[in-house]
Amino acid sequence: MNHYPQPARLLAAALLALTAMVGCQSGRATNLDPQTVEHLANLTYPKDAAYGPDLDIVVTNSRLQLIISNRTARTYANRQLWLNRQYAWEIERVEIGGGNRIPLTNFINLHAEPFPTPGFLRPERAAPIVLAELYDPATQTRNRLLVQTIEGRGTGVEGQEF
């Protein structure tokens with residue numbers, strides 16, 4: 001008499017365990033330390049800050065990360081990057097070119113929640129980026145940035161494949 005489970009039962013149990021593990025990872029986790037999350041959650045959206053000119057910087061949502069392509073002739077330092085007027089990240093430098101990448105889950109809202117990203121078996125968790133603003137606390141001005149979305153694999157603003 002064989003006491004081992006039938007292959008179908010073993011496979012079903014493995015799939016159930018995998019689904020439970022993936023379901024718990026809802027795409028809302030962040031790798032930031034708790035102090036950074038608390039700091040970002042305490043930032044206030046600068047709704048009364050004056051607008052400067054729109055910048056030639058393209059913010060691309062590629063599902064799990066933000067790609068910033070700075071097409072201006074200058075580097076921007078010590079700014080806050082706001083998404084949808086809710087999620088903030090303090091960015092040390094926005095270099096010229098397209099090499100600026102930030103995980104979307106680094107952006108935190110006032111409830112200490114990361115920006116919603118899709119998860120395995122949970123693609124509906126993704127949130128669109130409709131507004132991106134670069135805020136300079138030193139001058140108290142904010143600038144709108146161009147927002148772009150990549151659906152699946154595509155070509156970025158500088159021709160690189162994702």
Side-chain angles (χ1 to χ4, degrees), residues 22 24-162:
V22 170
C24 292
Q25 298 175 2
S26 64
R28 299 283 290 174
T30 183
N31 291 327
L32 299 175
D33 62 85
Q35 294 83 8
T36 302
V37 171
E38 183 179 345
H39 172 73
L40 292 169
N42 287 322
L43 292 177
T44 302
Y45 174 71
K47 67 179 180 184
D48 295 325
Y51 274 109
D54 293 354
L55 299 177
D56 193 11
I57 297 177
V58 178
V59 174
T60 305
N61 178 357
S62 69
R63 295 180 43 100
L64 299 177
Q65 68 178 338
L66 196 71
I67 302 162
I68 304 168
S69 298
N70 181 359
R71 302 187 304 189
T72 70
R74 64 178 286 210
T75 298
Y76 295 88
N78 302 317
R79 306 293 168 100
Q80 294 173 6
L81 183 54
W82 285 87
L83 302 180
N84 299 344
R85 296 183 177 180
Q86 297 177 46
Y87 296 89
W89 174 249
E90 289 187 320
I91 190 163
E92 290 181 26
R93 293 179 65 80
V94 179
E95 300 289 344
I96 297 169
N100 306 286
R101 295 170 185 262
I102 305 166
L104 275 169
T105 56
N106 282 11
F107 290 84
I108 303 295
N109 69 9
L110 66 97
H111 303 291
E113 300 168 332
F115 191 87
T117 57
F120 184 65
L121 300 178
R122 302 288 306 260
E124 75 280 0
R125 299 281 312 203
I129 298 173
V130 295
L131 178 65
E133 297 170 295
L134 198 59
Y135 173 66
D136 184 354
T139 63
Q140 297 185 352
T141 57
R142 55 188 164 148
N143 306 88
R144 290 182 193 100
L145 311 178
L146 180 65
V147 176
Q148 170 179 308
T149 300
I150 295 177
E151 298 295 334
R153 290 183 59 83
T155 304
V157 294
E158 295 181 353
Q160 68 267 33
E161 285 290 317
F162 297 100

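From a predicted model like this one, the values you see are computed outputs, not experimental measurements. The first residue in the sequence is number 1, and the count goes up from there.
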[Y] and [X], any side-chain heavy atoms less than 4.5 Å apart:
X	Y	answer
Leu81	Val94	no
Phe115	Asn84	yes
Leu66	Val59	yes
Gln148	Leu146	no
Leu83	Leu104	yes
Leu40	Glu90	yes

Legend entry - Pro53 backbone acceptor or donor facing Asn143 side chain under 3.5 Å: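 Indeed, once roles are kept as given, a pair shorter than 3.5 Å links the two residues.
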Calculate, to the nearest 0.5 Å, the distance between atoms [atom1] and [atom2] belonging to [X] and [Y] respectively.
X	Y	atom1	atom2	result
Asp54	Arg144	CG	CZ	5.5 Å
Thr141	Tyr51	OG1	OH	11.5 Å
Arg101	Ser69	CZ	OG	8.0 Å
Thr72	Leu55	OG1	CG	7.0 Å
Leu145	Asn70	CG	CG	9.0 Å
Leu134	Gln80	CG	CD	9.5 Å

Inset, instruction - State yes or no: are the ring centers of Tyr135 and Trp82 separated by less than 6.0 Å? - result: no
Inset, instruction - Show the numbers, then the answer: is there a side-chain contact (heavy atoms from CB on, under 4.5 Å) between Thr36 and Thr30? - result: CA-CA 11 Å; Thr36 302; Thr30 183; over 6 Å; no
Restricting to non-hydrogen atoms, name the atom on [X] and the atom on [Y] that form the minimum distance, rounded to 0.1 Å.
X	Y	result
Ala49	Arg142	O-NE, 3.0 Å
Ile67	Gly98	CG2-O, 3.9 Å
Ala88	Leu43	CB-CD1, 4.0 Å

Legend entry - Chi angles and distances behind the side-chain contact (heavy atoms from CB on, under 4.5 Å) call for Phe107, Thr117: CA-CA 11 Å; Phe107 290 84; Thr117 57; over 6 Å; no
Inset, instruction - Could you walk me through whether Ile129 and Tyr87 pass side-chain contact (heavy atoms from CB on, under 4.5 Å), step by step? - result: CA-CA 10 Å; Ile129 298 173; Tyr87 296 89; over 6 Å; no
Legend entry - Asn31 atom CG, neighbour heavy-atom count above 12 within 6.0 Å: no
Inset, instruction - Take atom CD of Glu38 as the centre, draw a 6.0 Å sphere, and report whether it contains more than 12 heavy atoms from other residues, nucleotides or ligands. - result: no
Inset, instruction - Check step by step if side-chain contact (heavy atoms from CB on, under 4.5 Å) holds for Leu32 and Asn106. - result: CA-CA 7 Å; Leu32 299 175; Asn106 282 11; 3.7 Å; yes
